[in-house]
Protein chains: 2
Amino acid sequence: MAKIASTVYEQIRTAILSGELSNSERLVEEDLAVSLGISRTPVREALRRLAAEGLVDVSPNRGARVAEWDADDLREIFDLRSILESHACELATPRASAAEIAFLENICDEMEALAKTELSSEQRLPALAAKNRILHSKIIEMSNSSRLGLLIETLIHVPIVMQTYKVYSPEALARSLRHHREIVTAMKAGDEVWAASVMRAHVLAAREEVLGQNEAE
Amino acid sequence: MAKIASTVYEQIRTAILSGELSNSERLVEEDLAVSLGISRTPVREALRRLAAEGLVDVSPNRGARVAEWDADDLREIFDLRSILESHACELATPRASAAEIAFLENICDEMEALAKTELSSEQRLPALAAKNRILHSKIIEMSNSSRLGLLIETLIHVPIVMQTYKVYSPEALARSLRHHREIVTAMKAGDEVWAASVMRAHVLAAREEVLGQNEAE
DNA sequence: TGGACCATCTTTGTATACAAATAGAGGAAT
DNA sequence: ATTCCTCTATTTGTATACAAAGATGGTCCA
């Protein structure tokens with residue numbers, strides 16, 4: 001898109017997803033514009049775009065605020081993710097090439113290796129979360145349905161969802177890795193029903209983990 | 001949203017969905033603005049919003065065109081609809097009140113009555129299509145998942161999908177009505193698996209009908 | 001003290017002006 | 001005739017200006 005507008009879009013978006021702008025903070029066009037040294041026009045465009053994605057709420061004549069998510073939102077999001085990512089597995093399995101399966105297996109190997117290292121949680125979890133995202137994205141990409149990918153993207157681009165691994169217990173993490181391995185095994189075997197089922201369970205397990213953690217706060 | 005911007009958004013949107021703006025027509029901001037007697041600013045905002053919904057494609061510095069959909073897009077759309085609307089049935093069934101079931105049964109009655117009248121296709125089909133949309137929307141609303149509703153909305157707001165009934169053969173129409181009746185019966189019985197299964201079949205049948213018609217052209 | 005009303009100040013919505021980028025027409029060279 | 005180039009005309013992207021709608025704060029009255 002536009003040069004400046006998409007840059008500021010990315011900036012605000014990253015700030016929201018990383019959590020540094022959360023708390024239904026007000027986003028005043030003029031303030032953002034001067035702090036970025038640009039005019040209101042591209043800021044406005046970026047905000048409207050973020051609103052369309054659901055990352056900010058805008059009310060007429062009252063401006064934009066960072067969107068908020070409660071436990072019910074999270075339930076909904078993980079519920080839909082479980083349906084859609086499971087469907088992605090189903091579509092991807094019969095199309096998977098040997099190279100793609102090898103790629104997925106490699107990520108599983110790396111994640112298992114990472115989990116065993118003596119690094120602190122602060123170092124390990126972001127690395128694991130990154131690989132987790134790559135694995136999920138790859139499967140979605142393999143499903144060859146661009147719309148499916150877009151739908152899932154709009155769902156998972158929510159701060160808490162993006163930081164899922166940060167709230168995982170060691171047991172939950174171990175289980176997550178076993179799910180991954182089993183999903184890839186099922187895909188390699190060409191068993192799409194198996195793969196889809198485990199993916200469903202995998203995402204629903206993540207939901208329980210996140211919701212439990214969230215209520216504890 | 002804004003007064004003018006949302007009005008023009010609705011106008012362009014309706015024009016696209018009704019098909020009067022199809023054919024990947026170019027949408028020049030200035031032209032739209034003068035023809036509506038307003039400035040480019042709200043037009044621009046409307047176009048970006050339509051782009052976010054997928055109804056128009058915009059390229060940097062090159063403007064907006066009405067989006068196009070091919071057979072593969074339709075396959076994808078109906079595939080995802082079948083998954084999501086089926087899930088809506090599953091969620092809606094255990095929550096359905098007697099009044100809601102009665103409402104759905106009433107729509108089934110009306111559609112069956114309409115199908116039997118001697119009106120010409122030109123009069124009958126739009127009326128049936130309208131009631132069909134109400135029935136599907138009601139079930140989605142009953143699922144009580146706002147995000148699910150939004151996802152489905154972004155999928156079905158595509159010209160050809162909106163005009164599905166217009167390409168139905170009499171047999172396909174009859175089958176569609178029987179599906180509806182069976183879905184409602186299953187929901188009334190509290191059998192969410194039954195309801196979801198028929199809904200899945202219902203949407204996939206629509207896909208075949210639309211794709212068959214589309215290839216024939 | 002509490003609440004309603006008014007003035008003002010802030011912030012959004014729209015219009016206009018200007019800069020940057022692209023598309024298209026026309027001409028020159030092969 | 002075809003291809004490539006340049007120049008111009010359109011069109012988009014951004015900045016600024018102004019109008020309209022909300023928020024804010026203070027005063028007056030009970």
Side-chain angles (χ1 to χ4, degrees), chain A residues 1-17 20-69 150 154 157, chain B residues 1-17 20-69 150 154 157:
Chain A
M1 289 234 166
K3 210 170 42 196
I4 301 184
S6 43
T7 305
V8 51
Y9 161 80
E10 293 288 352
Q11 289 177 329
I12 300 177
R13 172 173 215 227
T14 305
I16 294 176
L17 289 180
E20 66 182 278
L21 261 187
S22 123
N23 253 1
S24 79
E25 195 164 326
R26 232 184 124 189
L27 298 169
V28 178
E29 298 175 0
E30 179 80 26
D31 294 356
L32 291 169
V34 295
S35 84
L36 294 167
I38 59 177
S39 84
R40 270 177 58 211
T41 312
V43 173
R44 199 176 159 80
E45 181 169 330
L47 288 177
R48 301 328 255 247
R49 202 162 142 198
L50 291 163
E53 284 182 32
L55 281 176
V56 313
D57 291 335
V58 315
S59 344
N61 291 314
R62 302 190 50 193
R65 325 183 75 94
V66 177
E68 269 194 331
W69 297 270
L150 285 176
T154 68
H157 285 165
Chain B
M1 287 234 162
K3 213 171 36 198
I4 301 183
S6 21
T7 304
V8 51
Y9 161 80
E10 292 289 352
Q11 290 177 329
I12 301 176
R13 180 187 190 172
T14 305
I16 295 176
L17 289 181
E20 63 182 282
L21 260 185
S22 122
N23 253 2
S24 80
E25 193 164 330
R26 228 182 130 191
L27 298 170
V28 178
E29 298 175 2
E30 180 80 25
D31 294 354
L32 291 169
V34 296
S35 83
L36 294 167
I38 58 179
S39 84
R40 270 179 56 210
T41 313
V43 172
R44 201 177 157 79
E45 182 170 328
L47 287 177
R48 300 330 254 245
R49 205 163 141 197
L50 290 164
E53 284 181 31
L55 281 177
V56 314
D57 291 336
V58 315
S59 343
N61 291 314
R62 304 191 49 194
R65 324 184 75 95
V66 177
E68 269 194 331
W69 297 269
L150 285 175
T154 67
H157 285 167

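A, B, ... follow the sequence lines: proteins, then strands. Residue 1 opens every chain.
If you measure from atom CD1 of B:I4 to atom P of D:dA20, you get 11 Å, rounded to the nearest angstrom. A:R26 has its CZ atom 6 Å from the P atom of C:dT11, to the nearest Å. Taking atom CG of residue B:N61 and atom P of nucleotide C:dA21, one finds them 7 Å apart after rounding to whole Å. Spacing between atom CD of A:E30 and atom P of D:dA21 amounts to 20 Å, rounded to whole angstrom units. D:dT12 atom C1' lies 12 Å from atom NZ of A:K3, rounded to whole Å.
Between B:R65 and the phosphate of D:dT12, there is no side-chain N or O to OP1/OP2 separation shorter than 4.0 Å. Put simply, B:R44 has a side-chain N or O that comes within less than 4.0 Å of OP1 or OP2 on D:dG13. A close approach under 4.0 Å does not occur between any side-chain nitrogen or oxygen of B:T41 and OP1 or OP2 of C:dT14. Look at B:R62 and you won't find any side-chain N or O under 4.0 angstrom from OP1 or OP2 of C:dA21.
Side chains of A:R49 and A:R13 form no contact here, defined as non-hydrogen atoms less than 4.5 Å apart. Contact of the B:I4 side chain with the B:T41 side chain is not registered, since no non-hydrogen atoms from C-beta on lie closer than 4.5 Å. Side-chain contact between A:L32 and A:I12 is present, with heavy atoms from C-beta onward closer than 4.5 Å. Residues B:L21 and B:L27 are in side-chain contact: their nearest non-hydrogen atoms beyond the backbone lie under 4.5 Å apart.
Side-chain atoms of A:E29 lie closest to C:dT12 of the nucleotides C:dA15, D:dT12, C:dT12. Of the candidates D:dA15, C:dG13, C:dA15, C:dG13 carries the atom nearest the A:R40 side chain, counting heavy atoms from C-beta on. Comparing D:dG13, C:dA15, C:dT11 against the side chain of A:V28 picks out C:dT11 as the nearest.
No engagement by A:L47 is indicated, since no non-hydrogen atom pair under 4.0 Å with the nucleic acid exists.
Atom CZ of residue A:R48 and atom CD of residue B:E45 lie 4.0 Å apart, to the nearest 0.5 angstrom.
Mapping B:I38 and A:A64 onto DNA chain C by nearest heavy atom places A:A64 closer to the 5' end of the strand.
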